[in-house]
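This report concerns only the one structure given below.
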Protein chains: 2
Amino acid sequence: MHRALIVEDQNLMRLALMAEIRAGLPDCYVAGAQTLQIARQLLTDDQFDLVVTDPGLPGFDPTSVEDRLHVVEVIVAAAPDAAHVVVTGSDDEMEAKACRLLGVGGYVCKTGLSHGDLPRVLDEIGRGAFASRLSTSGSLDPDMRFPTLTPREDQIVTMMMRRKTGTRRREVFEKMATKAGISPASAEKYYKLARAKLLKLGRLPKGL
Amino acid sequence: MHRALIVEDQNLMRLALMAEIRAGLPDCYVAGAQTLQIARQLLTDDQFDLVVTDPGLPGFDPTSVEDRLHVVEVIVAAAPDAAHVVVTGSDDEMEAKACRLLGVGGYVCKTGLSHGDLPRVLDEIGRGAFASRLSTSGSLDPDMRFPTLTPREDQIVTMMMRRKTGTRRREVFEKMATKAGISPASAEKYYKLARAKLLKLGRLPKGL
DNA sequence: CCCGATGGGGATGGTGCCATCCCCTCCCCA
DNA sequence: TGGGGAGGGGATGGCACCATCCCCATCGGG
């Protein structure tokens with residue numbers, strides 16, 4: 001995977017998807033298009049081996065299955081050799097099957113797509129499977145984002161607040177250490193730092 | 001603005017909106033909810049002074065104006081003193097007016113919302129205006145994101161590629177310098193570095 | 001012919017985050 | 001009463017990015 005194209009009209013979502021791709025495929029050039037016209041232009045100018053498409057593009061009726069599949073068809077036809085993923089806001093198993101028949105390798109619902117999921121989807125596609133991720137998922141915990149916390153601090157705070165009641169902090173440190181590839185002591189350090197910052201701000205949440 | 005809540009079911013979009021808020025309001029605590037239930041819980045547990053809501057939540061029909069306005073109504077009722085912004089994928093001037101009547105201060109279409117826009121919307125609301133941003137916008141340039149480029153390098157490369165034909169590079173450096181608060185020489189430096197990296201990768205686009 | 005725009009380098013200090021390893025209290029419970 | 005969990009510190013080196021300032025070569029046109 002060296003060159004990817006994201007076709008999505010919502011700017012922030014397109015940027016987010018591009019960031020996901022870049023995080024998962026560090027050496028990947030990523031382009032973005034907000035309309036079908038731009039997408040076709042880019043696909044004829046360049047060669048891409050991954051195309052992520054939201055079929056709800058401007059100029060088409062997002063509620064019309066016909067319009068949506070037409071977008072997918074055009075994109076797939078413009079890059080028949082690329083791996084294709086359809087990312088959609090609305091969730092439709094029938095549409096997923098239709099996309100598959102059009103040559104799409106993955107069908108993902110935005111509702112069920114979290115940070116870090118896309119690489120797994122690409123893995124599945126790479127192994128020849130049809131990757132389908134509908135909105136059934138998943139963690140319905142509220143998000144929290146605190147000011148002045150670094151990413152690591154934020155990470156351990158989030159994990160700590162979401163731990164099941166009765167879990168020792170120790171265990172969370174170890175889980176975090178495993179997930180991040182660092183030592184549990186460092187995880188504990190980040191937790192302490194984060195806690196101190198939040199205390200100073202008077203924003204210490206209940207879960208400590 | 002010290003405490004903000006983002007009500008949005010699409011994980012990546014919620015994260016992106018939370019990041020936008022954090023970038024614009026550096027000292028702001030930002031929470032996220034993916035369902036109306038979680039949002040109500042958070043709004044009763046805590047006090048928020050800004051709530052950003054996408055009315056297309058799970059359990060409601062995103063195409064039903066009634067369902068959508070009901071979501072907005074519940075959220076506004078749960079935080080009557082907060083500033084409210086509705087962020088929507090579909091664009092409806094009538095819905096915007098209805099939201100305004102419900103006490104919402106801003107109505108923004110995701111299609112027209114780019115990185116850095118939200119603070120401007122909040123400014124308008126802060127000045128007592130009803131901020132409406134429909135999908136009329138805007139720049140329809142393709143996005144590019146290159147691997148191994150640092151943010152600064154990416155920034156100047158993007159600006160350079162989007163310059164009007166005939167614009168001197170010099171002028172772009174100055175524009176970038178003004179926008180980023182750095183010296184034109186530094187902007188030029190980043191451009192040169194980026195160019196060198198892209199050359200080494202053999203990925204130098206046409207605009208140089 | 002020199003100047004300005006362009007292209008290609010290197011050296012600098014500063015900052016923030018990462019990841020370690022270390023120290024110290026306090027309290028509760030076994 | 002001792003030890004482990006919890007809280008509150010500090011010191012370290014490494015690294016990436018930021019922002020500056022400096023050098024050099026080429027090339028075109030006034």
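Chain letters run A, B, ... following the sequence lines, proteins first and then strands; every chain starts at 1.
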Integer-rounded Å distance: [N] [atom2] and [X] [atom1]:
X        : N      : atom1 : atom2 : value
B/Glu153 : D/dA19 : CD    : P     : 12 Å
B/Gln155 : D/dC17 : CD    : P     : 15 Å
A/Lys197 : C/dC17 : NZ    : P     : 6 Å
B/Ile182 : D/dA19 : CD1   : P     : 5 Å
B/Phe173 : D/dT20 : CZ    : P     : 15 Å
B/Arg195 : C/dA5  : CZ    : P     : 17 Å
A/Glu188 : C/dT20 : CD    : C1'   : 13 Å
B/Leu199 : C/dG7  : CG    : P     : 10 Å

Between B/Ser114 and B/Asp117 (side chain of the first, backbone of the second, donor and acceptor by atom type, cut-off under 3.5 Å), is there such a pair? no
Does a salt bridge link [X] with [Y], judged by any charged N lying under 4.0 Å from a carboxylate O?
X        : Y        : result
B/Asp27  : B/Arg22  : no
A/Lys110 : A/Asp54  : yes
B/Arg120 : B/Asp123 : no
B/Glu188 : B/Lys192 : yes

Less than 4.0 angstrom between a side-chain N/O of [X] and OP1 or OP2 of [N], yes or no?
X        : N      : value
B/Tyr191 : C/dG7  : yes
A/Arg169 : D/dG5  : no
A/Arg170 : D/dG5  : yes
B/Arg152 : D/dC17 : no
B/Thr150 : D/dC17 : no
A/Ser186 : C/dT20 : yes

Name the residue closer to the 5' end of DNA chain C, choosing between A/Leu149 and A/Lys192 according to the nucleotide with the nearest heavy atom.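 Looking at the nearest nucleotide for each, A/Leu149 comes out on the 5' side.
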Once hydrogens and angles are ignored, does a donor-acceptor distance under 3.5 Å link the base of D/dG10 to the side chain of A/Lys189?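 Such a pair exists between side chain and base.
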